[in-house]
Novice: 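My questions will all concern the structure given below.
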Amino acid sequence: KKQSQAYHIVFSTACSIKHDWQSYLFFYQAMVHQQRGTVTRIVSGCEPAERVELQKQHDEQIKIMSSSFHLHFAPEFGRNAVPGVSYQKTKYWNKPFGMKHWMENQFGYHYNPDGEVDPNP
């Protein structure tokens with residue numbers, strides 16, 4: 001039987017109780033269905049105390065499901081992103097910029113504004 005390909009699933013959330021339980025269910029379902037590969041939750045906008053608590057919860061409740069389940073903290077990119085621009089226009093910026101933050105910190109990926117990937121930032 002041909003072995004299926006391993007994947008790296010990444011999803012982005014805010015730092016909130018609502019997103020914590022939704023993420024728990026996502027990780028749980030990945031475990032139940034024996035998802036091959038890695039699953040990473042990108043959490044944007046946590047205060048330092050929230051980060052400590054969320055990391056503890058992840059270590060105690062998520063990591064025991066699979067050592068392939070990860071957590072990445074990114075800054076808040078949506079609030080006050082552009083002076084004078086409504087949060088309603090920037091509230092989804094955590095998704096692309098959180099992904100960029102993860103890629104830079106996890107893989108050393110850096111983007112050059114000219115559209116070229118800079119291998120030596």
Novice: Could you tell me how the ring of H72 sits relative to the ring of H101: parallel (under 30°), tilted (30 to 60°) or perpendicular (over 60°)?
Specialist: tilted
Novice: Side chain to side chain donor-acceptor pair (under 3.5 Å) for H8 and T40? Distances and angles first, verdict last.
Specialist: CA-CA 8 Å; H8 196 141; T40 300; 2.8 Å; yes
Novice: Check whether any side-chain heavy atom of M31 lies under 4.5 Å from a side-chain heavy atom of S66, and answer yes or no.
Specialist: no
Novice: Considering all heavy atoms of both residues, which atom of I42 and which atom of A74 are nearest to each other, and what is their separation?
Specialist: CG2-CB, 4.1 Å
Novice: Go through the steps to decide whether S44 and T13 satisfy the test side chain to side chain contact (heavy atoms under 4.5 Å, CB included), and finish with yes or no.
Specialist: CA-CA 6 Å; S44 297; T13 71; over 6 Å; no
Novice: Please find the pair of heavy atoms, one from S68 and one from G37, that lie closest to each other, and give the distance.
Specialist: CB-O, 3.4 Å
Novice: Could you measure the distance from the CZ atom of R36 to the CD atom of Q34? Nearest 0.5 Å is fine.
Specialist: 9.5 Å
Novice: Looking at CZ of R41 and OG of S23, how far apart are the two atoms once the value is rounded to the nearest 0.5 Å?
Specialist: 3.5 Å
Novice: If you measure from CZ on F77 to OG on S12, what distance do you get to the nearest 0.5 Å?
Specialist: 10.0 Å
Novice: Short question: side chain of N94, backbone of E76 - any donor-acceptor pair under 3.5 Å?
Specialist: no
Novice: Is it the case that one hydrophobic cluster holds both W93 and V43, taking links as side-chain heavy atoms less than 4.5 Å apart, direct or via other members?
Specialist: no
Novice: E104: which residues meet the salt bridge (Lys or Arg N to Asp or Glu O under 4.0 Å) condition with it, sequence neighbours left out?
Specialist: K100
Novice: Give, for atom CG of L71 and atom CD of Q57, the distance between the pair rounded to the nearest 0.5 Å.
Specialist: 10.0 Å
Novice: Find out if a path of hydrophobic residues (ILVMFWY) with successive side-chain heavy-atom gaps under 4.5 Å connects V32 to M65.
Specialist: yes
Novice: Testing the 3.5 Å rule here: is there a donor-acceptor pair between the side chains of H70 and H58?
Specialist: no
Novice: Heavy atoms only: give me the nearest Q61-Y24 pair and the separation to one decimal.
Specialist: O-CE1, 3.9 Å
Novice: Are L54 and V52 co-members of a hydrophobic cluster defined by side-chain heavy atoms under 4.5 Å apart?
Specialist: no
Novice: Answer yes if the ring centres of F11 and F27 are under 6.0 angstrom apart, and no otherwise.
Specialist: yes
Novice: Can you get from M103 to F73 by hopping between Ile, Leu, Val, Met, Phe, Trp and Tyr side chains that sit under 4.5 Å apart?
Specialist: no
Novice: Under the side chain to side chain contact (heavy atoms under 4.5 Å, CB included) rule, what do E60 and K56 come out as? Steps first, then yes or no, please.
Specialist: CA-CA 6 Å; E60 293 174 356; K56 180 181 176 204; 3.1 Å; yes
Novice: Side chains of S16 and H19: closer than 4.5 Å at any heavy-atom pair?
Specialist: yes
Novice: Is atom CG of L25 surrounded by more than 12 heavy atoms (other residues, nucleotides or ligands) closer than 6.0 Å?
Specialist: yes
Novice: Would you sort out whether E47 and E50 count as a side chain to side chain contact (heavy atoms under 4.5 Å, CB included), showing the intermediate values?
Specialist: CA-CA 5 Å; E47 297 294 329; E50 292 173 314; 3.4 Å; yes
Novice: Do F69 and F26 sit in one hydrophobic cluster, given that two such residues count as connected whenever their side-chain heavy atoms are within less than 4.5 Å of each other, even indirectly?
Specialist: yes
